Amino acid sequence: MTAPKRIGKQTVAFANPPVIIGRATVVGPKEGKGPLKDYYDLIAEDPYFNADTWEKAEYKFFEKAVQLAVEKANLTMDDLNYFLAGDLTNQIISATFTARGVPVPYLGLYGACSTMYEGLALGAMLVDGGFADYVLAGVSSHYSTAERQFRFPTEQGVQRNLSSQWTVTGSAALVLAAQGQGPKVTHATVGKIVDLGVTDNTDMGAAMAPAAFDTIKQHLEDTGREPDYYDLIVTGDLARIGHRLVQALAEKQGLDLSKNYTDCGLLVYDPSQDVHAGGSGCACSGVVTAGFLLQEMEAGRYQRILGLGTGALHSPISSQQGESVPGIAHAVAIEL
Amino acid sequence: MIEPNELEHQIAIERKLYEQKEYQDLVKKIKPKVPVLRNIIGAFLVGGTICLIGQIILDGFIAWGLTARAAIGSTAAVMIFLGSLATGLGIYDNLAKFAGAGSIVPITGFANSIVAPALEFKSEGYVFGLSSKMFLVAGPVLTFGFIVSVIIGLIYYLIP
Amino acid sequence: MTYILAFVVGGLICVIGQLIIDLTPAKITAAHVLVGYVTGGAVLSALGLYQPLVDLAGAGATIPVSGFGHSLAQGAIEAARTRGLMGALSGGIEATALGVATAVVFGYVFAVVFRPTG
């Protein structure tokens, strides 16, 4: 018994690669001053986004991104078959509250910061499997909701570690379709949990890097491709330390990731923005992929990209109990 | 006696531990070093300045005619007021970026640790949000402080 | 001279806290430092080691939270001597009541008035 679309151990190759026909990004003011500011659809002037709590602000970002993505795909909400969404808040309330206004079957996802790619992989499977014509996938994160849930209240006077990362405030949404014009999702490699015992919850890059490398390696093995098949291999939010660690792990195994490998956490902010190691959060890989990477592909500057969402699947409780941080990474090949 | 399966299992565990150790060594190598000297300078300057401000207020209270003990208590109260205000205005967390322990260790840091969560969790209401969460850090400080003070009191009571 | 001593001693007490944060694993947070300083200050005070520092540096020793521990310990010791068992239990809290009450009241008021800026 072999599933016809499976190749290798963890990869699926889509027979009719689903097309990304709509994409939208909404970000906060800090991201709007970053190096990718020209790629976002909407930059909020205020991280509250006219809401009275951070949590409300986060799902307002999300609602706006969803609305824009559907509009840009020239669809209405009723055309969608599934809404796949997730975020970082407890019980993924941002995604669910956004889904109140999306009158289609909803599947909530939690993959921490890997959720954009988890949604993209699952959405592509639904479309290529013949279960959906249109799937909407989206994520959000907010610096202030994440910070107070996972670390300290934002006004608390603490010195952030050099390895700490800055949660991206914003939301990204993508519309996948069975047919249409745009970059296509050709392969998806769903990652497995890799935990090498990192317990420092201010060093997420180090916790996730082994998972990211594991998935990159597995993807290349399963597809028989070399790293230079891709114009760009991009991980989600490993930032400076995690990015270096992936390169070091690759070097050890004889894979050359020195030329075409980067990370969304490095792209989303300028080092002068006081973000320490770089960006993180669901929206980090979300807005860089849906904003920058896909726009560059549409413009023809990149033909083939391997994107990975990377997630640190810990909770505030597990951290306080001294548990290590399990990492995950999902890879999706996007080609023209 | 070790069963063969058990041995295999043990080898697997050992291998995993070795892998973890190897990786964590790599992380240590790549992680940027903490700029200890820079941090110490920040902590010294800001911590010292906060204490200097305290001394000026303290001298003021003494000149005003307060006893040494009352002046110390009143100075602490004024510093708590200043720390709370700076937190509410959103200044204190920016100061802490440079100062580190220089803004945590003084009593103003204690005030900051009360106002910061109180502000942040106000959105969950005045009882379970603001009033409950304001003791997020202050709670443990007071708990340990009070327990130690009672132990010390008891020791002095029992051993005159 | 008192100002220089307050500055230098206060600064050095903070430097020790900075070293604790920087040279220990990330598990040791600001909250742990505050707890450690208060208990440490109380213990040093009970051993008679903190008062000389206060005499030397004034606010340089009372403004760091170890000074809060010092007040707790001295309050407990004095009350235990004058009022016996009841004093031993209540002395520390009585001596620090002003600080705790102001912290709670200002904490509440400023949290009501202001809004987190993120």
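Proteins come first, then strands; the chains are lettered A, B, ... in the order of their sequence lines, and each starts at number 1. In this text the structure is predicted, and so the values were computed from the model without any measurement.
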Hey, does [Y] have a side-chain heavy atom less than 4.5 Å from the side chain of [X]?
X	Y	answer
A:Pro210	B:Gln20	no
B:Pro32	A:Ile241	yes
B:Val34	A:Asn161	no
B:Leu26	A:Leu245	yes

How many angstroms lie between atom CG of A:Leu196 and atom CD of B:Gln24, to the nearest 0.5 angstrom? 7.5 Å
Within the side chain of A:Gln159, is there an N or O that forms a donor-acceptor pair under 3.5 Å with the backbone of B:Lys97? yes
Ignoring hydrogens and geometry, is there a side-chain-to-backbone donor-acceptor pair from B:Tyr23 to A:Ala206 under 3.5 Å? yes
Using non-hydrogen atoms only, which part of [X] is less than 4.5 Å away from chain A: side chain, backbone, both, or neither?
X	result
B:Lys33	backbone
B:Phe98	backbone
B:Val115	neither
B:Leu119	side chain
B:Ile30	both

Under 6.0 Å from the [atom1] atom of [X], do we count more than 12 heavy atoms belonging to anything else shown?
X	atom1	result
B:Glu124	CD	yes
A:Lys192	NZ	yes
B:Phe144	CZ	no
B:Leu158	CG	yes

I'd like to know if the side chain of B:Glu120 pairs up with that of A:Thr154 as donor and acceptor (distance under 3.5 Å, no hydrogens or angles considered). yes
In terms of heavy-atom pairs under 4.5 Å with chain A, which of B:Asn94, B:Ile91, B:Leu17, B:Asn39 leads? B:Asn39
Checked B:Leu95, B:Leu136, B:Thr87 vs chain A; the most non-hydrogen pairs under 4.5 Å come from B:Thr87
For the interface with chain B, which of A:Arg244, A:Lys252, A:Gln156, A:Lys56 has the highest count of heavy-atom pairs at distances below 4.5 Å? A:Gln156
NZ/NE/NH1/NH2 to OD/OE distance under 4.0 Å, B:Lys122 and A:Glu155: no
NZ/NE/NH1/NH2 to OD/OE distance under 4.0 Å, A:Arg160 and B:Asp93: no
